[in-house]
Amino acid sequence: MAVDYLVIVVYLAGMLAMGWWGMRRARSKSEFLVAGRRLGPAMYSGTMAAIVLGGASTIGGVGLGYRYGLSGAWMVFTIGLGLLALSVFFSARIARLKVYTVSEMLDLRYGGGRAGVISGLVMWAYTLMLAVTSTIAYATIFDVLFDLDRTLAIVLGGSIVVAYSTLGGMWSITLTDMVQFVVKTVGVLLLLLPIAVVKAGGFGEMRAQLPTEYFDPLGIGGETIFTYVLIYTFGMLIGQDIWQRVFTARSDRTAKWGGTVAGTYCLAYALAGAVIGTAAKVLYPKLGSPDDAFATIVKDELPVGVRGLVLAAALAAVMSTSSGALIACATVANNDIWSRLRGRAAEGERDEVRGNRAFILLMGLAVIATAIAIDNVVEALTVAYNLLVGGLLVPILGGLVWRRGTVYGALSSVVVGGVAVVVLMATHGILANEPVYYGLLASLAAYVIVSLASPATDAAVLAAWRERLAGRSPELASEPVPASQ
């Protein structure tokens, strides 16, 4: 295992070094939060794929393959579909807005800050829980690597992500995500996938050993697939962590086509995870938990060195999602909540960078503490996505596609949808499907009814919104235009 340890240590040291390098580039708010809006197609595609394919997609995707066979790919597949839909239909318009947060988009679209404040609170809760669930996954990986105590593993992994994210902001996260994208591609797609299939005896042997439903593309169940679409596909359309990556694109063309490439990559990754899990079912038919499949097949079937690289790939998957959620959480907390509470007092560029850096550190410490206190990753992630989709999907997409939507409709939609989700989770259980189903319907009804019953959005607000969508309006006053593209 000494070689495997060396691979992991070198990888972790490299992440910290990139954080230090990124600190030298992040000298303005734009550089720190959205990498100066300068990413070209290659870096944009790699970093976008890295953030959406986290520990749940890697370790959880293999676990679903172990439990359901090839249809276990549906969870990650719906993530890829959501990214494709975002990229093809919305990303160009989102990139042209030149904002930092989803709540700022709502302010622009509906006028005023009332919708933005409430949406900021909901988005903050979502990004916080997303960062927490990613951080909890360190316990699984470091247990395999070093047999570490759960709390110590979370503190170690979380501290590294907090360190490089705090130092360089989005520049550090972009650089580390590119490395993590390469490591995941090599470790999971090019090494673990073929080795697992060969060790299981090939596809013929897998078919002979397993029930036929393991090879049914719909074996996981239609209701489950529909729920994945509601939660993950729609969640990809509106999450601050995803939008903040769209804001990094050099142009709307980069956002559209770079995201399309990343979405297509996600579809391949989904199938790979399911196949690896199916192979693990042949090799280890009686594991205590499906989520143990990834760690077990890596520990028992891979040679020294390769094992370290594949474990680094799992670590990369967790870190990329964790860092993306962390900077999104800090951006929302500072720009949408704290700055509004203190009245948006004017700051210099260096003060803004210092303030955002402080918020990443504070949110990072909060994430680590919450991750230590929470045991159930699935429930925490479900709460995050239920709140996001039930509370924010309708007013965000409604604002992009329906000009009759009003600020009162948006406020009602967020409140009614959010309350419905919370109440239904309390009465039906966190993992039930009803909260997101009925919460989304309640949110839609409130948005349409209240918008039609209230005065239309001011014509000047809509005119400014159209100018912004077309890319003809100046950026936010707090953001200087980058000197070079």
For the residue pair S323 and D177, establish whether any side-chain heavy-atom pair is separated by less than 4.5 Å. yes

Please check if the side chain of R109 supplies one atom and the backbone of G405 the other of a donor-acceptor pair under 3.5 Å. yes

Separation between CD1 (I51) and CD1 (I242), nearest 0.5 Å, reads 5.0 Å

Taking the side chain as every heavy atom from C-beta outward, state whether S159 and I368 have any pair of such atoms under 4.5 Å apart. yes

Is it true that the side chains of T224 and T227 contain a donor and an acceptor less than 3.5 Å apart? no

Counterpart residues, side-chain contact (heavy atoms from CB on, under 4.5 Å), relative to L424 (two or more places apart): T427, H428, P435, Y438

For the backbone of L53 and the side chain of S57, can you confirm whether one donor and one acceptor N or O come within less than 3.5 Å of each other? no

Any sub-3.5 Å donor-acceptor pair from S134's side-chain atoms to L130's backbone N or O? yes

Run the numbers on N433 and E223 for side-chain hydrogen bond (donor to acceptor under 3.5 Å, both in side chains), then give the verdict. CA-CA 9 Å; N433 292 328; E223 184 178 356; 2.9 Å; yes

Roughly how far apart are S172 OG and L167 CG, rounded to 0.5 Å? 6.0 Å

Report yes or no: does K281 contribute a side-chain atom to a donor-acceptor pair with the main-chain N or O of G69 at less than 3.5 Å? no

Could you walk me through whether V102 and I238 pass side chain to side chain contact (heavy atoms under 4.5 Å, CB included), step by step? CA-CA 8 Å; V102 174; I238 58 174; 5.8 Å; no

Steps toward side-chain hydrogen bond (donor to acceptor under 3.5 Å, both in side chains) verdict (T331, Q240): CA-CA 9 Å; T331 302; Q240 169 68 26; 5.1 Å; no

Is the backbone of I173 close enough, under 3.5 Å, to the side chain of T176 for a donor and an acceptor to pair up by distance? yes

Hey, are the side chains of V332 and M363 touching, using non-hydrogen atoms and a 4.5 Å cut-off? no

Can D336 and T101 be said to form a side-chain hydrogen bond (donor to acceptor under 3.5 Å, both in side chains), step by step? CA-CA 8 Å; D336 292 337; T101 68; 2.9 Å; yes

Step through the shown structure and confirm whether more than 12 heavy atoms of other residues, nucleotides or ligands are within 6.0 Å of CZ on R253. no

Minimum-distance pair of heavy atoms, taken over all atoms of R93 and L469: CB-CD2, 3.7 Å

Which pairs count as side-chain hydrogen bond (donor to acceptor under 3.5 Å, both in side chains) when at least one residue sits in residues 413-424, sequence neighbours excluded? S413-S443

Is any side-chain heavy atom of F90 closer than 4.5 Å to one of V401? yes

Any idea how Y110 and Y447 line up, ring-wise: parallel (<30°), tilted (30 to 60°), or perpendicular (>60°)? perpendicular

Is the side chain of T321 donor-acceptor paired with the backbone N or O of V318 at a distance under 3.5 Å, no angle test? no

Pairwise side-chain contact, M43 with R38, heavy-atom cut-off 4.5 Å (strictly under): no

For the residue pair W338 and F359, categorise the inter-ring angle as parallel (less than 30°), tilted (30 to 60°) or perpendicular (more than 60°). tilted

List the atom pairs, with distances to 0.1 Å, where a side-chain N or O of residues 74-86 and a protein N or O form a donor-acceptor pair under 3.5 Å, not counting sequence neighbours.
| residue | atom | partner | partner atom | Å |
| --- | --- | --- | --- | --- |
| W74 | NE1 | P217 | O | 2.7 |
| T78 | OG1 | W74 | O | 3.1 |
| T78 | OG1 | M75 | O | 2.7 |

Does R357 CZ have over 12 foreign heavy atoms under 6.0 Å away? yes

Do D292 and Y66 pass the side-chain hydrogen bond (donor to acceptor under 3.5 Å, both in side chains) test, and can you show the C-alpha distance, the side-chain angles, and the key distance before you say yes or no? CA-CA 9 Å; D292 293 337; Y66 182 90; over 6 Å; no

Applied to residues 237-259, the ring-ring contact (aromatic ring centres under 6.0 Å, His included) test, sequence neighbours excluded, yields none

Is the shortest heavy-atom distance from the side chain of L97 to the side chain of E104 under 4.5 Å? no

Residue pairs passing the side-chain hydrogen bond (donor to acceptor under 3.5 Å, both in side chains) test with at least one member in residues 448-462, sequence neighbours excluded, are T406-S454

What side-chain hydrogen bond (donor to acceptor under 3.5 Å, both in side chains) pairs are there with at least one residue in residues 258-273, not counting sequence neighbours? T58-Y269, T185-Y265

Donor-acceptor pair, side chain of T47 and main chain of Y44, under 3.5 angstrom: yes

Taking the side chain as every heavy atom from C-beta outward, state whether M48 and V246 have any pair of such atoms under 4.5 Å apart. yes

Using 0.5 Å steps for rounding, measure from the CG atom of L387 to the CG atom of L121. 11.5 Å

Contact between L393 and L388 at the side-chain level, heavy atoms closer than 4.5 Å - yes or no? no

For R96 and E467, indicate whether the former's side chain and the latter's backbone hold a donor-acceptor pair under 3.5 Å. no

